[in-house]
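Shown next, in structure tokens, is the structure this report addresses.
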Amino acid sequence: MILPVHDRLRGHLTGVLRELYALDETSVPSIALEYPPNRTLGDLGTPVAFELARRLRKAPRAIAQEIAGAFGTLEGITQVGAAPNGYLNFFLERRPFLIDRIAGRYPTAPAPAGKAIVEHTAINPNKAAHVGHLRNSALGDTLVRVLRFRGIPVEVQNYIDDTGVQVADVIVGFRVIEQKTLEQIQEIADSTRFDYYCWDLYSRVTQWYDGDKDRLKHRADTLHEIEHGGTEAAAIGAFVADRIVRTHLRTMARMNVDYDLLTWEGDILRLKFWAQAFDVLKASGAVYLQTEGRLAGCWVMPIQEDEEATPKTQLPTPKEKTEKSEEAEEPEEEREKVIVRSNGVVTYVGKDIAYQFWKLGLLGRDFCYRVFTTRPHGPLWATCASDGENDHPDFGGAAYVYNVIDVRQSYLQKLLKQALVAAAHPEAADRSHHFSYEMVTLSHATARELGYTPSEDDAKRPFVEVSGRKGLGVKADDLLDTVIRKAGSEVASRNPELSGEERDRIAQMIGIAAVRYFLIKFSRGKMIVFDLDEALSFEGESGPYIQYAVVRANNIFQKLKQRDGTDEATLRAALNDVPAGELAGDNGSHELWELVLEASRLDEVVDQVIRSLEFSVLAKYAFSLAQAFNAFYHRSPILNEERDDVRRWRAAAVIYLRDQLTRALDLMGVSVPPRM
RNA sequence: GCGCCCGUAGCUCAGUUGGAUAGAGCGUCGGACUUCGAAUCCGUAGGUCGCAGGUUCGAGUCCUGCCGGGCGCGCCA
């Protein structure tokens, strides 16, 4: 890990600058650390001299030289140099750097205090999951892993919307179209892939509505029944949602995605969370009763159009001021969002506000909790409205909240933050993050493979929109089945001696690696036009490529042990006495050291990932590390290297690199197969 | 109409603290399996970073305007 080195260097350098130029705390420039383009220039570098050049009215190069001269000594740094262009560069002491890291001896940065809640997945429990949902959970689960890596305690929630129109529509499908009783539906659930069955039924219901708009009355009636409970329709809804959620959990488990708590929307309603939140909002004046105009009788929240959460730092320019006052003089109908309808029924946003308040510990009310299912590593909890277990973990009340929801929900997520600000919790608003990402759509080729004939609108665009209502989309399990099957045949052809069971286990690891990497490698603001062939690729920039690098590295040590009994522990042990010329670059190449330095950057990458919430950075880092290793692997033998010292240092570097790469894969939810 | 996002090589995309020569995969063309596994490696070709201004010692990255594309903006959820 490299960050402790950064911190130490930054601290020392700040002290040097203050002394050298008599700067006070506020005027010391922040010190950016970078990696020079090659190791002959240095291992770390900073352009801080450029920053100071104007203030000191000196050439950057002269400043860099002065700093280098005044640098003194710092543990772990062997040399400081001023480059002709003004960069200040540092060389690290290589031997202890690697030895310490192999041994896991380095200080770790303290984690920020407080728990984080990550909510992701949130698939409507009325049909099978599709690729779009996989992007959500792959991003969400990676976020969870990355935060935990950083030392932050994380609670993972999956929100279940069991009271919405989507579930109601499937109920209508069963009862009105198929004329089924609850008992018959239970039989269907036990004898079919129930999520697939509902997938088809749901799209049939949509078509059926299209045939006669009066049929929508069934939906309205059903929604009403779900909300009030006690009827056959409500019982069917509860059964369907429960069963479908279980299928989703199975699908996500294949992806190595897991949760701590399932939050059921129905419980938020039954426990009157909204009433509580409503009181808070009314008391703070965040919502008010509109008495005139078209929204008369509704409780509304004013929408701030553009004033972002940082009004204090952005002073309006004179021009903006006049524009604003003009607006104020001409009251062009202020925008308002209805929170409670004139019939007294709360809108979707209202429920979300209450839920968000609870997540942040601002509601003053809690759920009851039940065990939804048991797993090897402990129970999976779910909310309930009454008769909960007494002994349950603490849920809710987090310092940070991340809502993983696609970009189309941005408007509503923005309203959530506004509600928090309006209710006098601006700090909670700052700690609420909408982790947004773009949609997954289908390539024309893949849509065609699914038997879809494009409409005129579709034909104009380079992609086809996934639609649950139309039943158009690549089902998650179909994708996983296909990719794992393909991996299985590859494994079988390369390792004919493997048992079927072992082969399947490995195929699953490889298939999941391919899918998860594919979903992570794009930046989240980019639409993924899903193409089956592309996602099925195991070559080039892919998850299996990275796995392959680690498997190869492991093979080296396996062979080493087989051949002369050297195990990793003994390799690590004696390094202090071995000449380190290979690591120092005595052969004219810094390739080995380059691998070590790059491998050490995982913690820095994780920090950047958390700051930017951009996982493509992690994906690319792992890939380029694997790439560097593969190139090294071809050029520099270990098993057949005659020179003892060279062999040992190469092995040591590969141990470290392999460990770091394994960690990086784990952060992406990918495990390393024993063979492939 | 307003708001948010996207525009980088033939294709798909990295480049998110502004820094040293703009990178990768796929595809092209040509090489490397008697040596730790070729799901690999090496080489080759390919770029007005949408356009125009601006800020800066320095801009793919920040600001403004424009062009092209996507999404969002309901007493739906």
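Both backbone and side-chain heavy atoms feed into the values below; hydrogens, waters and symmetry mates do not. Numbers restart at 1 for each chain; the letters A, B, ... are given by sequence-line order, proteins then strands.
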On a heavy-atom basis, which atom in A/His444 and which in A/Asp458 lie closest, and how many Å separate them? CE1-O, 3.3 Å
Between B/G47 and B/A22 - P atom distance, rounded Å: 13 Å
Is B/C29 in the syn range, within 90° of 0, or in the anti range? anti
Does a distance-only test, which skips hydrogens and angles, find a donor-acceptor pair under 3.5 Å between the side chain of A/Asn89 and the base of B/A20? yes
A/Ile303 CD1 to B/G74 P: how many Å, rounded? 8 Å
For atom C1', what is the distance between B/A59 and B/U64, given to the nearest Å? 15 Å
C1' atoms of B/A32 and B/G23, separation to the nearest Å: 25 Å
If you take all heavy atoms of A/Thr163 and A/Leu223, which pair is closest and at what distance? O-CD2, 3.4 Å
Euclidean distance for P, B/A45 against B/U61 (whole angstrom): 28 Å
Can you check the distance between B/C62 and B/G18, where both ends of the measurement are the C1' atom (answer in whole Å)? 7 Å
Residue pair A/Arg658, A/Asn554: steps toward the side chain to side chain donor-acceptor pair (under 3.5 Å) verdict: CA-CA 8 Å; A/Arg658 177 260 272 147; A/Asn554 281 328; 2.9 Å; yes
What distance, rounded to whole Å, do you find between the two P atoms, one in B/U28 and one in B/G69? 32 Å
Provide, to the nearest angstrom, the distance between the NZ atom belonging to A/Lys620 and the P atom belonging to B/A22. 19 Å
Candidates B/G7, B/A20, B/C76 - which lies nearest the side chain of A/Lys526: B/G7
Ring centroids only, cut at 6.0 angstrom: are A/Tyr633 and A/Tyr548 within range, meaning strictly under it? no
Which whole-number value in Å describes the distance from A/Gln418 CD to B/C73 P? 15 Å
Figure out the NZ/C1' separation between A/Lys351 and B/C76, and round it to whole Å. 10 Å
Among B/C76, B/C36, B/G15, the one nearest A/Arg341 by side-chain distance: B/C76
Do A/Ser410 side-chain and B/C4 base share a donor-acceptor contact under 3.5 Å? no
The nucleotide from B/A39, B/C73, B/A77 with an atom nearest the side chain of A/Asp161 is B/A77
Heavy-atom closest contact (A/Pro462 atom, A/Val529 atom, distance): O-CG1, 4.2 Å
Quantified in whole Å, what is the C1' atom distance between nucleotide B/G43 and nucleotide B/G37? 23 Å
So, does the side chain of A/Glu534 form a donor-acceptor pair with the base of B/U12 at under 3.5 Å? no
Of the nucleotides B/A20, B/C41, B/C71, which has the atom closest to the A/Asn85 side chain? B/A20
Roughly how many Å is it from NE2 in A/His634 to C1' in B/C33, rounded to a whole number? 9 Å
Looking at the side chain of A/Gln608, which of B/U16, B/U12, B/A39 is the nearest nucleotide? B/U16
Using the C1' atom in both, what is the distance from B/U35 to B/U44, to the nearest Å? 27 Å
Which one, B/G72, B/G70, B/U21, comes nearest to the side chain of A/Asn38? B/U21
Relative to each other, are the rings of A/Tyr355 and A/Tyr159 parallel, tilted or perpendicular (30° and 60° limits)? parallel
Nearest to the side chain of A/Arg494 - B/U35, B/A39, B/C75? B/A39
